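This is a predicted model, so every value here is computed, not measured. The sequence lines fix the lettering, A, B, ..., with proteins before strands; numbering per chain opens at 1.
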2 protein chains.
Amino acid sequence: MAHRETQQRRPSIHDVASRAGVSAATVSKVLAGVTTVKPENAQRVFDAVDLLGYRVDPLASDMRRAKRRIIGAIMPEFESEFFGQMVSELEGLAEQRGFTLVAASSRESEAREKEILARMHDWRVAGIVLAPVRNEHGPAAGFMKANGMTGVLIDRVLADDAFDTVSADSAAASAEVARALVGKGHRHILVVGLGQQAATVRARLEGFRATALQLVPDIRIDVVLAESEVEPLRTLLSDYFSEGASRGERPTAVYSLFLKGTLVALSEFRRRGWHCPDDISLVGFDDAEWMQVTWPAIAAVVQPVREIASNAMDVLFRRIEGEGGPPRARLEPCKVLMRESVGSPGSGPHLGGGSRQ
Amino acid sequence: MAHRETQQRRPSIHDVASRAGVSAATVSKVLAGVTTVKPENAQRVFDAVDLLGYRVDPLASDMRRAKRRIIGAIMPEFESEFFGQMVSELEGLAEQRGFTLVAASSRESEAREKEILARMHDWRVAGIVLAPVRNEHGPAAGFMKANGMTGVLIDRVLADDAFDTVSADSAAASAEVARALVGKGHRHILVVGLGQQAATVRARLEGFRATALQLVPDIRIDVVLAESEVEPLRTLLSDYFSEGASRGERPTAVYSLFLKGTLVALSEFRRRGWHCPDDISLVGFDDAEWMQVTWPAIAAVVQPVREIASNAMDVLFRRIEGEGGPPRARLEPCKVLMRESVGSPGSGPHLGGGSRQ
DNA sequence: GTGAAAGCGCTAACAG
DNA sequence: CTGTTAGCGCTTTCAC
């Protein structure tokens, strides 16, 4: 047959072996690049491989070697730019080392997170990159610990006593945001966040608060935290502003500690007819492509996705290769993009709020 | 030992077998739910499983059955909400049927798309959900055909003679957009798109054009298409508007056929100081969360991600289970969200363009 | 240099 | 009802 028609069974190493007139073991050696094979035979193997279109089955190969070239990645979600980019980066990095990345979304659920992890353990993945839903003390990290899995924790973590961690330097970035807002003259600022991400929120909040208070000791910083869901935050925020209004006071700037918070804040501003930066200023942690094309462009903290991904993979592979030593906590610096949504208080034409619905 | 400390080798089916005093085959049967096992033995197996914390190795299991419970998904990118949601949906659907989804990003490259596909073939995945970079005639689809892989094509495809396809009903949605814009009084409309996505662009463009022309025979519809990259589109769009300006003419509305085009359009409007909808109206194919919180909110066509995902998986699994018959092309209806970015021409205060940079 | 044999962890006949 | 046997596709001693 000239061209094998829609074949059902792919050629196995034995097919190659018999076509090349050698044993399967020899084929395996040739393909593994062992040089002690007679050149003539090696050539026959290569010819047979070409002829049959043979490719090794990586899973069967891994099976025998009892070491699977698979890296598992668990993200809280796939829908945001941040985690989308992260998965994309991790995929490329794994590939470069001959590994396949299997990504899964925990959908912001710790229960699901653990289930996925168990499934990845069943798959005998070589290592895990885990971006926990909550923080480093969740059940997933516990499971990894208990089962001796090798892994790295990223994003919503600061440090851990069992795993290496890599995340953005939230505190430094928040300090920079504080300097910028204070510099613009803001003296009453609202910070919004999600309480369940304890470590990160604390770092971001404290980094901000410490710096702001240091610059202006009597600055007023309000905090609105929802526990774990975004919807309640909407209500909390609305209540917060309504209450303030009844006392005739309101912050001149909002700093959101996470992307969805930025969206909720914008949405609330819309509802009240407030415009940035005239009526209120806004900075959000996490950048997104759209933030630079809207009017006004939204100021944001850009997380160093590539750096986080590449450091995470580096340390993960070092651990996979058996490197010992205590876990290390890495922080990668962020960039702060001060865009049009930030202005000086009291300088806008709309002070007091607009009336457009 | 009370609790096995950080174990290196997971228990195998043989460990369970010997602990339970039965053979590995029996363990396998019990775990597969075969009912012809003596209850007493079954119980001993369950006990041993619990004691050892045993879980079957799905890859080893698949190996033996020569059928892998893995579905491959290939998306052009992971960074956008649309594909992020898509992967998330597909993951859940695969999981429901006891399969694992392995997702990969072709990064808008047909070459990479084919490489990934080959790798998935090496993995002997049971089926593929492919969202091609370009359209159904790319090298990836050819590879799948040539190798007798079973798969479904989604998103940037209309129909294929070898594979089932599922996509959004772009033409109908575009017709609806046309009706809306014409109804608002627009008589000069610009459509922007990406040429390489031939099938989809044609459907969206023609669906729009045909309806608009039918309603207003002498309506003017300009088209700006970049071949495959987004950056050139920026230049093309800028040139288009500059040229029009030199002749004192300009469309009153823009319909972008894809998400990045909407961003490019917004960015260009910013550059020129044009505001929506006063200076120009905008509708984009593909919705995003931010579009409803910006000022103005951006009108968009919402693709039925869940429906596409679930239909794709349905038909894919039917094919995996051996269902025959000719390939079917499915179109799922979209929703059109007419938001504030669309107004009537000539009614805005800024006509002629603003001056804010 | 090379191939036979063993076996990764599992399941599907097929006897008993 | 249960265990033995025979692999899935591959790699790795280890004799020859």
NA contact type, A:A66, heavy-atom cut-off 4.0 Å: base, sugar-phosphate, or nothing? nothing
Closest approach of A:R156 and A:E108, non-hydrogen atoms and distance? NH1-OE1, 3.0 Å
Answer yes or no: does a side-chain N or O of A:S61 lie under 4.0 Å from OP1 or OP2 of D:dC10? no
For C:dT2 and A:T26 - does any side-chain N or O of the residue sit under 4.0 Å from the phosphate oxygens OP1/OP2? no
Could you verify whether a donor N or O on one side chain and an acceptor N or O on the other, from B:R69 and B:S61, lie under 3.5 Å apart? yes
d(CZ, A:R64; P, D:dT12) in whole Å: 7 Å
Divergence of helical axes at both termini of the helix from C:dG1-D:dC16 to C:dG16-D:dC1 - five pairs an end, 10° steps: 50°
Any side-chain donor-acceptor pair under 3.5 Å between A:S106 and A:S109? no
Do the non-hydrogen side-chain atoms of A:D57 and A:R10 ever get within less than 4.5 Å of each other? no
State, yes or no, whether a side-chain contact exists between A:T165 and A:P327 at a heavy-atom distance under 4.5 Å. no
Would you kindly compare A:K29 and B:S28 by the position of their nearest DNA chain C nucleotide and give the one closer to the 5′ end? A:K29
What nucleotide, of D:dT2, C:dA13, C:dT2, holds the atom closest to the side chain of A:V37? C:dT2
OP1 or OP2 of D:dG9 less than 4.0 angstrom from a side-chain nitrogen or oxygen of A:S12, does that happen here? no
Phosphate OP1/OP2 of C:dG3: any A:S23 side-chain N/O under 4.0 Å: yes
